[in-house]
Amino acid sequence: LNNAGDFRTTVAQLAFNTRKQSADVGVRGSFRTGPVSHQLAANATAYQHKQDDYGRRSVPEASWVTNLYAPTWNEAPTFMTPHIMHTEVKLRSVGVADTMGFAGDRLQVTLGVRRQQVQSDAFDINTGALSSRYKQSATTPAAAVLFKLGSKVSLYANSIEGLSQGATAPTTAANAGEVFPPFKTRQKEVGVKLDAGRFAHSFSLFEIKRPNGYTDPVSNIYSFGGEQRNRGADWSFFGSPLDGVRLMGGVAYVQPKLTRTQSGINEGKLATGLPKVQGKITAEWDLPMLEGLSLNAGITSMSRQFISADNTQWVAGHTVYDLGARYTTRLSGRPLTLRGTINNLTNTAYWGQPLLSSLALGAPRTFTLSATVDF
């Protein structure tokens, strides 16, 4: 909460139950109109989920303020999980896209359009009655162009819009359960692809605009709105530079700036929970001396992340190393794959920002063993 080390602890969402259903249907076809080739695709999708949250909220023993250097704590409240929230979300869409090829498909242009509908409902726990509803529809376009400079190098650009469900204030916030309206996202990208056969690279520049949301550390109120603009660059690669060796990874730089905020508060600051620089590389090596055995290793690194909207507080960047092995053989004539993995090999201590928490400890050194048999 401040430079003195005060922080709030909240016992809130202790359990939740989610039921999800989805369906999609589509058709694809190809044809020509003179010298122009067409790859046509149309589809319809439906998705819905219902979620019930259980926990403690708005009771004195469920939330308290303490200090990093002089910690205090409340007596643990009785472990009860009353029903505190019920929400439902429905997403519907119908879309069509046509990829047109010119000059022997050296130039490809894609045009598409999608009609989307988002409905988000919240219900009163005591009566079961609808307490709030947001329902919005939008028609969103998509366009892309790809030009092959040769057999190995291609240039591309695209622009796409989408409609997404609005955020819901988390159970730890003072306005827990508040449902915000749907929002549009907009993405633009230009890039180049290099396909050398066994190895490929891609480099892109992008801009993504979307609403931003965060929980104020002082008032504990979650707000959602304004605009967050993510501009950045991304380099990725994958392939097999040597026989029996496979590499995949990349580096991304992004500047997640708050370009429009309520009353201009923290406008121009960087969004919370997003590092400016992220990098990852994974490698796999098939051991020639033992058929079926592969070793793999990975490195994931990211720079610091702000945790306060005014950018005065942050968590340091970190690097995590993973190591593993895979062995494929047969068991009673059936394919068998054995895997062993050590995540966070050096047991690095770091802060992370998972989906359901504003700040949490990163996962420690973890050992995983698994076996898969195909029937």
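For this chain, numbers begin at 1 and follow the sequence in order.
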Query raised in the report: At what distance, to the nearest 0.5 angstrom, does CD of Q119 lie from CZ of R92?
Result: 8.5 Å
Query raised in the report: Is it true that K148 and D195 make a salt bridge, defined as a side-chain N closer than 4.0 Å to a carboxylate O?
Result: no
Query raised in the report: Does a sphere of radius 6.0 Å around OH in Y69 hold more than 12 heavy atoms from other residues, nucleotides or ligands, not counting ones at 6.0 Å or beyond?
Result: no
Query raised in the report: Below 4.5 Å, heavy atoms only, C-beta onward: do P335 and R330 meet side chain to side chain?
Result: yes
Query raised in the report: Any side-chain heavy-atom pair from L1 and V65 closer than 4.5 angstrom?
Result: yes
Report task. Output, in order, the C-alpha distance, side-chain angles, deciding distance and verdict of side chain to side chain donor-acceptor pair (under 3.5 Å) for T341 and T368. Result -> CA-CA 5 Å; T341 304; T368 304; 5.8 Å; no
Query raised in the report: Do you see a donor-acceptor pair shorter than 3.5 Å between the side chains of D310 and N266?
Result: no
Query - From CZ (F206) to CG (N230), nearest 0.5 Å - result: 7.0 Å
Query raised in the report: Within the distance-only criterion (no hydrogens, no angle test), does the side chain of S240 pair as donor or acceptor with the backbone N or O of R198 below 3.5 angstrom?
Result: no
Requested in this report: State, without any angle test, whether T33 and H38 hold a side-chain donor-acceptor pair at a distance under 3.5 Å.
Outcome: yes
**Report entry** D322 side-chain N/O to N344 backbone N/O, donor-acceptor pair under 3.5 Å
**Finding:** yes
Requested in this report: Go through the side-chain N and O atoms of T140 and Q116 and say whether any donor and acceptor fall under 3.5 Å apart.
Outcome: yes
Report summary line: The side-chain hydrogen bond (donor to acceptor under 3.5 Å, both in side chains) partners of H86 (sequence neighbours excluded) come to D52, E88
Query - Closest contact, heavy atoms only, F306 versus A271 - result: CB-O, 4.5 Å
Report summary line: To the nearest 0.5 Å, atom CD of E207 lies from atom NZ of K188 at 6.0 Å
Query raised in the report: Using a distance-only test with no angle check, is there a side-chain donor-acceptor pair under 3.5 angstrom linking T259 and E227?
Result: yes
Requested in this report: Applying side chain to side chain contact (heavy atoms under 4.5 Å, CB included), run through L293 and D286 and close with a yes or a no.
Outcome: CA-CA 6 Å; L293 180 62; D286 298 332; over 6 Å; no
Requested in this report: Quickly, which of V254, N311, L258 forms a side-chain contact (heavy atoms from CB on, under 4.5 Å) with L270? Name it, please.
Outcome: N311
Query raised in the report: Under the 3.5 angstrom rule, does the side chain of S159 hit a backbone N or O of A143 as a donor-acceptor pair?
Result: no
**Report entry** Test side chain to side chain contact (heavy atoms under 4.5 Å, CB included) applied to K135 and Q117, step by step
**Finding:** CA-CA 7 Å; K135 186 175 182 180; Q117 182 185 82; 3.6 Å; yes
Query raised in the report: How about Q51 and T87: does a side-chain donor come under 3.5 Å of a side-chain acceptor?
Result: no
Query raised in the report: To the nearest 0.5 Å, how far apart are OG in S294 and CG in L287?
Result: 7.5 Å
Query raised in the report: Do the non-hydrogen side-chain atoms of T300 and K280 ever get within less than 4.5 Å of each other?
Result: yes
Query - Close side-chain approach of L323 to Y321, heavy-atom, < 4.5 Å - result: no
Query raised in the report: Can you check whether H83 reaches D53 side chain to side chain, under 4.5 Å on heavy atoms?
Result: no
Query - R326 vs E284, salt bridge (Lys or Arg N to Asp or Glu O under 4.0 Å): CA-CA, chis, key distance, verdict - result: CA-CA 10 Å; R326 183 188 66 195; E284 191 173 55; 3.3 Å; yes
**Report entry** Nearest-0.5 Å distance that lies between atom CZ in R334 and atom OG1 in T329
**Finding:** 14.5 Å
Requested in this report: Specify whether W235 and F237 have parallel, tilted or perpendicular ring planes, treating 30° as the upper limit for parallel and 60° as the lower limit for perpendicular.
Outcome: tilted
Query raised in the report: Does V320 belong to the same Ile/Leu/Val/Met/Phe/Trp/Tyr cluster as L361, with side-chain heavy atoms less than 4.5 Å apart forming each link?
Result: no
**Report entry** Exam field: side chain N67 to backbone P71, donor-acceptor pair closer than 3.5 Å
**Finding:** no
Query raised in the report: With distance as the sole criterion, is a donor-acceptor pair present between the side chains of T337 and T328 under 3.5 Å?
Result: no
Query raised in the report: Between L40, L107, L111, which is the residue that forms a side-chain contact (heavy atoms from CB on, under 4.5 Å) with M100?
Result: L111
Requested in this report: Check whether any side-chain N or O of R365 sits under 3.5 Å from a backbone N or O of I342 as a donor-acceptor pair, and report yes or no.
Outcome: no
Report task. Measure across N158 and A144 and return the closest heavy-atom pair with its distance rounded to 0.1 Å. Result -> CB-CB, 3.7 Å
Report task. Please test L155 against L149 for side chain to side chain contact (heavy atoms under 4.5 Å, CB included), starting from the C-alpha separation and ending with a verdict. Result -> CA-CA 7 Å; L155 303 177; L149 294 178; 4.0 Å; yes
Query raised in the report: For I281 and I299, what are the C-alpha separation, side-chain angles and deciding distance, and is it a side chain to side chain contact (heavy atoms under 4.5 Å, CB included)?
Result: CA-CA 5 Å; I281 182 172; I299 303 174; 4.1 Å; yes
Query raised in the report: Where do S22 and Y47 come nearest, in terms of heavy atoms and distance?
Result: CB-CD1, 4.0 Å
Report summary line: d(R304 CZ, K276 NZ) to nearest 0.5 Å is 8.0 Å
Query raised in the report: Considering residues, nucleotides and ligands other than N3, do more than 12 of their heavy atoms fall under 6.0 Å from its CG?
Result: no
Report summary line: What one should report as the nearest heavy-atom pair of A325 and N296 is N-ND2, 3.7 Å
Report task. Kindly state whether the ring of F203 and the ring of H201 have centres lying under 6.0 angstrom apart. Result -> no
Query raised in the report: Can you list every pair that meets salt bridge (Lys or Arg N to Asp or Glu O under 4.0 Å) and has a residue in residues 98-125, with sequence neighbours left out?
Result: D121-R133
Query - Over all atoms of both residues, closest heavy-atom pair of T139 and K184 - result: O-NZ, 4.4 Å
Query raised in the report: Does V89 reach the side chain of K50, with side-chain heavy atoms less than 4.5 Å apart?
Result: no
Query raised in the report: Is there a side-chain contact between H318 and M302 (heavy atoms, below 4.5 Å)?
Result: yes
**Report entry** Donor-acceptor contact below 3.5 Å, side chain D234 vs main chain L205
**Finding:** no
Query - Y156-E189 side chain donor-acceptor pair, cut-off 3.5 Å - result: yes
Query - Whether over 12 other heavy atoms sit under 6.0 Å from R19 CZ - result: yes
Query raised in the report: Within a radius of less than 6.0 Å around CZ of F238, do more than 12 heavy atoms belonging to other residues, nucleotides or ligands occur?
Result: no
**Report entry** S236 versus S202, closest heavy-atom pair with distance
**Finding:** OG-OG, 2.7 Å
Query raised in the report: Just checking, is any N or O donor in the side chain of T366 or N343 under 3.5 Å from an acceptor N or O on the other one?
Result: no
